[in-house]
Peer 1: 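Before we start, here is the structure in question, set down as structure tokens.
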Amino acid sequence: MQPLKKDILNVPELPEVETVMRGLEKEMLGETLHHVSVHAPKLRWEIPISLKALENEKIIKFSRRSKYVLMELESAKVILIHLGMSGKILFSEGKSYIKQKHDHVLFYFGNKRIAVYNDARRFGMVDVLEKGDVQDSFYLKSLGPEPLGGCFTKDYLYNTLQKSRVSIKVAIMQQKVVVGVGNIYASESLYAAKIHPKTLACNLTRAQAEELHTCIIQVLKNAIAAGGSTLKDYVQADGALGYFQHSFKVYGRENEPCYHCKDEIKKVVLGQRSTFFCGKCQIQ
DNA sequence: AGGTCTGTTACTGA
DNA sequence: ATCAGTAACAGACC
């Protein structure tokens with residue numbers, strides 16, 4: 001149990017990425033990016049040489065798309081950052097910085113400060129694109145709607161699920177259906193909506209799809225709120241940005257009592273990923 | 001030492 | 001072409 005729970009805190013999903021983005025925005029927006037130093041040849045993919053060439057540019061905008069953080073520079077170049085499964089960003093003072101294991105990219109900015117990208121498993125990515133190419137890029141071109149954006153409507157979700165013959169758990173984790181819902185919040189959303197994760201997506205009633213729509217949004221918003229509250233003092237115990245203690249109702253709680261009915265939480269594997277649910281509260 | 005865990009893409013086959 | 005299922009990636013932790 002213990003190692004699993006520890007791992008949970010290290011996997012960024014949409015709320016964590018949103019929190020990281022807001023933290024970067026708070027510290028770096030309007031500052032000058034002096035230099036980018038790359039200490040690894042590749043993460044998930046090659047880190048482009050052009051990243052090293054970014055010097056003395058003002059940072060004019062931060063945004064998020066799915067689990068990607070976008071940092072826009074005044075030259076209309078955009079740095080894309082994905083944290084993968086173990087990526088972290090820490091702020092450091094240039095004077096006192098000591099390179100840690102897995103520190104791969106250093107963003108020197110402002111008054112001798114550094115935003116350090118650290119990623120043990122190297123499943124993340126850092127790339128730089130022209131602003132006009134971002135939406136149609138390899139990374140973003142086939143992504144579905146943002147769960148907290150206007151395109152993710154109840155009608156959209158119901159209609160999309162009707163065409164899908166995978167389990168509802170797998171369906172809401174598919175990026176084409178909706179972005180940003182990873183393994184943790186998929187289980188949490190289905191528990192909140194009282195829907196069994198093995199239910200075929202196309203078998204959801206309209207009422208179930210609408211309830212799930214509501215729950216996905218609520219679960220993500222609650223997590224973002226929890227993350228936002230940690231931003232007041234972004235330098236946490238381990239110094240990492242965007243990681244916060246958040247309690248889950250089913251995730252990682254196999255054999256523990258359901259908070260609603262006291263039945264034991266069960267675990268199954270769906271789409272190669274562990275899935276947690278209450279067999280009594282979540283009907284198939 | 002070998003299993004587990006994760007997000008995303010690539011591959012395979014229907 | 002599209003969909004669904006599976007393997008792979010890397011490193012930490014037991």
Side-chain angles (χ1 to χ4, degrees), chain A residues 1-21 39-47 64-70 80-89 100-105 117-127 136-144 146-147 159-189 197-203 216 220 223 238 240 242-243 246 248 250-255 265-276:
Chain A
M1 257 327 139
Q2 205 52 37
L4 178 59
K5 296 210 170 191
K6 204 171 175 184
D7 210 36
I8 287 167
L9 295 175
N10 287 335
V11 179
E13 293 196 26
L14 186 147
E16 289 78 10
V17 176
E18 177 71 20
T19 304
V20 168
M21 187 276 286
H39 294 226
K42 69 183 280 287
L43 296 168
R44 178 70 194 267
W45 292 287
E46 301 255 326
I47 300 175
R64 178 189 57 74
R65 172 74 172 114
S66 185
K67 296 172 190 168
Y68 294 88
V69 172
L70 284 69
L80 265 81
I81 301 169
H82 195 292
L83 300 174
M85 299 195 289
S86 56
K88 298 174 177 60
I89 291 177
Q100 302 296 309
K101 196 173 182 184
H102 310 307
D103 281 356
H104 301 311
V105 183
Y117 179 95
N118 177 291
D119 185 2
R121 285 177 239 188
R122 301 203 323 217
F123 272 32
M125 54 79 58
V126 180
D127 201 353
D136 295 321
S137 67
F138 169 76
Y139 307 108
L140 306 187
K141 67 180 179 194
S142 44
L143 295 179
E146 286 288 327
N159 292 334
T160 304
L161 295 179
Q162 283 293 105
K163 298 175 220 154
S164 173
R165 285 171 301 167
V166 296
S167 72
I168 186 61
K169 159 71 160 33
V170 169
I172 58 175
M173 285 183 66
Q174 290 177 340
Q175 300 283 294
K176 271 187 217 165
V177 175
V178 60
V179 303
V181 179
N183 199 38
I184 296 168
Y185 295 111
S187 282
E188 293 296 310
S189 299
K198 282 188 177 175
T199 309
L200 284 185
C202 57
N203 286 345
I216 287 172
L220 293 175
D238 65 352
Y243 288 81
H246 195 66
F248 301 117
V250 287
Y251 194 83
R253 297 192 64 242
E254 186 182 16
N255 299 328
I265 298 299
K266 297 188 181 71
K267 176 179 147 180
V268 293
V269 174
L270 287 175
Q272 302 173 298
R273 297 294 181 253
S274 53
T275 304
F276 299 86

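Each chain gets a letter, A, B and so on, in the order the sequences are listed, and its residues count up from 1.
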Peer 1: When the nearest nucleotide of DNA chain B is assigned to Gly180(A) and to Val269(A) on a heavy-atom basis, which residue is associated with the more 5' position?
Peer 2: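 Checking each residue's closest nucleotide, the 5'-ward one belongs to Val269(A).
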Peer 1: Just to be sure I understand the rule, does Arg273(A) reach a base, reach only the sugar-phosphate, or reach nothing, if contact means heavy atoms closer than 4.0 Å?
Peer 2: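 Since a base atom lies under 4.0 Å of Arg273(A), the category is base.
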Peer 1: Between the base of dT4(B) and the side chain of Arg121(A), is one N or O donor paired with an acceptor at under 3.5 angstrom?
Peer 2: no
Peer 1: In this structure, which one of Glu16(A), Arg273(A), Glu13(A) forms a side chain to side chain contact (heavy atoms under 4.5 Å, CB included) with Ile184(A)?
Peer 2: Glu13(A)
Peer 1: From the options dA4(C), dG7(B), dT6(C), select the nucleotide whose nearest atom is closest to the side chain of Gln272(A).
Peer 2: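 Nearest to the side chain of Gln272(A) among the choices is dT6(C).
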Peer 1: In whole angstrom, what separates Tyr139(A)'s OH from dA10(B)'s P?
Peer 2: 11 Å
Peer 1: Measuring to OP1 and OP2 of dA12(C), would you say a side-chain N or O of His102(A) lies under 4.0 angstrom away?
Peer 2: yes
Peer 1: The side chain of Lys267(A) is closest to which nucleotide in this list: dC9(C), dA10(B), dC5(B)?
Peer 2: dC5(B)
Peer 1: Keeping the roles fixed (side chain from Asn203(A), backbone from Leu200(A)), state whether a donor-acceptor pair exists under 3.5 Å.
Peer 2: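 Side chain of Asn203(A) to backbone of Leu200(A): no pair is present.
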Peer 1: If the cut-off is 4.0 Å, is Lys101(A) near the phosphate of dA12(C), judged by side-chain N/O to OP1 or OP2?
Peer 2: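 Answer yes for this pair, as a side-chain N or O of Lys101(A) is under 4.0 Å from OP1 or OP2.
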Peer 1: Could you tell me how far apart Met173(A) (CE) and dT9(B) (P) are, to the nearest whole angstrom?
Peer 2: 13 Å
Peer 1: Rounded to the nearest 0.5 Å, what separates atom CG in Leu14(A) from atom CG in Leu220(A)?
Peer 2: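 It is 5.5 Å, given to the nearest 0.5 Å.
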Peer 1: How many whole angstroms separate atom CZ of Arg65(A) from atom P of dT8(B)?
Peer 2: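 It works out to 12 Å between those atoms.
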Peer 1: Counting side-chain heavy atoms from C-beta on, which of dG7(B), dG5(C), dA10(B) comes nearest to His82(A)?
Peer 2: dG7(B)
Peer 1: Output the rounded distance in Å from CG (Asp119(A)) to P (dA12(C)).
Peer 2: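 Rounded to whole Å, this separation is 11 Å.
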Peer 1: Do the side-chain N or O atoms of Lys176(A) get closer than 4.0 angstrom to the phosphate oxygens (OP1, OP2) of dT8(B)?
Peer 2: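 No, because none of the side-chain N or O atoms of Lys176(A) sits under 4.0 Å from OP1 or OP2 of dT8(B).
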Peer 1: Nearest whole angstrom, please: distance from the P of dC5(B) to the CZ of Phe276(A).
Peer 2: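 Taking CZ of Phe276(A) and P of dC5(B), I get 7 Å after rounding.
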Peer 1: Taking only side-chain N and O atoms of Lys163(A), does any of them lie within less than 4.0 angstrom of OP1 or OP2 on dC3(C)?
Peer 2: no
Peer 1: Between Gln175(A) (CD) and dT8(B) (P), how many Å, whole number?
Peer 2: 5 Å
Peer 1: Rounded to whole Å, how long is the line connecting atom CG of Leu200(A) with atom C1' of dC3(C)?
Peer 2: 14 Å
Peer 1: Would a distance-only check, ignoring hydrogens and angles, find a side-chain to backbone donor-acceptor pair under 3.5 Å from Ser86(A) to Arg121(A)?
Peer 2: yes
Peer 1: Can you work out whether Val166(A) or Phe123(A) has the more 5'-proximal nearest nucleotide on DNA chain C?
Peer 2: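 Looking at the nearest nucleotide for each, Val166(A) comes out on the 5' side.
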Peer 1: Would you kindly check whether a donor in the side chain of Arg122(A) faces an acceptor in the base of dG11(C), or vice versa, at under 3.5 angstrom?
Peer 2: no
Peer 1: Among dA10(C), dT8(B), dC5(B), which nucleotide has an atom closest to any side-chain atom of Met85(A)?
Peer 2: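 Selected nucleotide (nearest to the side chain): dA10(C).
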Peer 1: Please name the pair of heavy atoms, one in Val250(A) and one in Ser187(A), separated by the smallest distance, quoted to 0.1 Å.
Peer 2: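 In this case the closest contact between Val250(A) and Ser187(A) is CG2-O, 3.7 Å.
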Peer 1: Take the protein atom CZ of Arg165(A) and the nucleotide atom P of dT2(C), then report the distance between them rounded to whole Å.
Peer 2: 15 Å
Peer 1: Keeping the roles fixed (side chain from Glu146(A), backbone from Ser66(A)), state whether a donor-acceptor pair exists under 3.5 Å.
Peer 2: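 At least one qualifying donor-acceptor pair exists.
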